[in-house]
Amino acid sequence: MNTLVLHFDDETQEAERLARAAGVECAVIERHRFPDDELHLRLPANLPARVIIYRSLHRPNEKLLELLLVARTAGRLGAQHLTLVAPYLAYMRQDAEFTPGEAISQRVVGEFLAGLFDAVITVDPHLHRVSSLAEAVPVAHALALSGAPLLADLVASHRPGALLLGPDAESAQWVELAAARHGFDFGVCRKTRHGDRDVAIVLPEGLAVAGRSVVLLDDVASSGHTLAQAARLLLAAGAASVDAAVTHALFAPGALALMKDAGVGEVWSTDCIIHPSNAVSVAPELAAALRTITSH
Ligand SMILES: O=P(O)(O)OC[C@H]1O[C@H](OP(=O)(O)OP(=O)(O)O)[C@H](O)[C@@H]1O
């Protein structure tokens with residue numbers, strides 16, 4: 001055994017899926033919380049040269065400290081090459097100082113991770129003003145995969161003939177990819193964000209939605225307002241149905257209810273973030289990405 005996947009006990013299934021797909025062993029990191037809230041972690045005592053840490057970084061704050069403890073300990077226990085597989089990568093949205101004094105969290109967290117790991121693999125990181133993951137997380141191997149092909153296949157099997165719609169300009173990349181893969185009709189809305197839970201959306205001009213089965217495709221659903229607002233407009237314009245497919249099921253409390261109230265039917269997601277809407281696993285893609293790193 002020269003490669004091992006390490007994971008925490010709340011992501012056992014996902015880490016095991018990855019280990020199976022990659023053909024490597026996996027082991028759990030034991031975690032105990034002391035009465036004063038400090039963490040006690042315990043890794044397998046003898047580690048191989050290559051270690052992969054599986055940690056999806058939604059609700060990230062404590063997880064980042066765990067990664068510091070794990071990575072430093074893994075190095076002491078014999079690991080020579082550390083890969084972080086973080087299907088959801090946190091703190092990628094704040095990539096600039098929009099008002100003076102703000103932390104540029106993407107840079108700080110990216111440099112923090114680069115100080116711990118030799119390679120980072122993630123899926124659909126929310127990057128805007130930087131053009132590649134390596135710019136945000138300056139490691140030797142920074143790989144950003146996309147959940148869009150998997151979601152496209154899912155939509156093709158559940159809603160053949162659907163009209164695919166991206167809720168904002170950013171989503172055009174995923175909608176175009178999915179449309180090219182299966183020949184869906186598609187369109188991209190315009191979105192203006194006024195606040196965390198306040199977005200205005202304009203449907204694409206001239207796109208006929210009446211009677212169509214529409215599937216909204218996006219990278220993340222968080223408060224659910226983007227998808228809910230798009231669904232309201234589509235149903236008001238005569239769409240026969242509106243479903244939604246997202247890579248990252250962040251879903252803040254109340255988000256799903258909001259979307260259902262707006263008329264969204266099915267909600268599908270990848271297993272990047274564990275959620276009842278998970279309908280497809282990214283493990284095979286993550287395993288393929290791992291192989292490209294280990295071949296170096
Ligand atoms: O469920 P919600 O709370 O509506 O959030 C989800 C939306 O937020 C993100 O875009 P965002 O509006 O942040 O784009 P921006 O980064 O360009 O502001 C993401 O791409 C979704 O479209």
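Bear in mind that the values here come from a model prediction, so they are computed numbers and not experimental data. When a ligand or atom number is given, it counts from 1 through the structure's own listing order. What you see below is based on every heavy atom in this structure, not just the backbone, and it leaves out hydrogens, waters and symmetry mates.
A distance of 10.5 Å separates CZ in Arg55 from NE2 in His7, rounded to the nearest 0.5 Å.
Among all protein heavy atoms, the one lying closest to atom 13 (O) of ligand 1 is Arg93 NH2, 2.9 Å. The shortest contact between atom 20 (O) of ligand 1 and any protein heavy atom is with Asp219 OD1, 2.7 Å. Closest to atom 4 (O) of ligand 1, if we only count protein heavy atoms, is Thr226 OG1, 2.6 Å. Nearest protein neighbour of atom 6 (C) of ligand 1, counting heavy atoms only, is Val220 O, 3.3 Å. Looking from atom 16 (O) of ligand 1 to the surrounding protein, the closest heavy atom is His128 NE2, 2.6 Å. Nearest protein neighbour of atom 21 (C) of ligand 1, counting heavy atoms only, is Asp218 OD2, 3.1 Å.
With respect to the salt-bridge test (charged N to carboxylate O, under 4.0 angstrom), the residues Asp168 and Arg193 do not qualify.
Under the 4.5 Å side-chain heavy-atom criterion for ILVMFWY residues, no single connected hydrophobic cluster contains both Val137 and Val108. Grouping the Ile, Leu, Val, Met, Phe, Trp and Tyr side chains by contacts below 4.5 angstrom, directly or via other members, places Trp174 apart from Leu250. At a threshold of 4.5 Å between side-chain heavy atoms, the hydrophobic network of Ile, Leu, Val, Met, Phe, Trp and Tyr places Val282 and Ile273 in two separate groups. Cluster membership for Leu258 and Leu235, using ILVMFWY side-chain heavy atoms within less than 4.5 angstrom, is not shared. Val246 is not connected to Ile274 by any chain of hydrophobic side-chain contacts under 4.5 Å among Ile, Leu, Val, Met, Phe, Trp and Tyr, and they are in different clusters.
Using a 4.0 angstrom heavy-atom cutoff, Gln229 does not count as in contact with ligand 1. Within the 4.0 Å heavy-atom cutoff, Lys191 counts among the residues contacting ligand 1. Look at Glu170 and you'll find every heavy atom at least 4.0 Å from all atoms of ligand 1.
In the vicinity of Ala221, heavy-atom distances shorter than 4.0 Å reach the ligand 1 atoms 1 (O). The ligand atoms of ligand 1 that sit less than 4.0 angstrom from a heavy atom of Asp168 are 10 (O), 22 (O).
Of the candidates Cys189, Ser171, Ser223, Ser223 brings a heavy atom nearest to atom 2 (P) of ligand 1. Within the set His225, Met92, Arg129, Arg193, the minimum heavy-atom distance to atom 7 (C) of ligand 1 is found for Arg193.
The side-chain contact (heavy atoms from CB on, under 4.5 Å) test with Ile121 is passed by exactly one of Val139, Leu133, Leu290: Leu290. For the side-chain contact (heavy atoms from CB on, under 4.5 Å) with Tyr54, the qualifying choice from Ile29, Leu18, Thr83, Leu84 is Leu18, the only one to do so.
In terms of N/O distances under 3.5 Å, ligand 1 is not approached by Val199.
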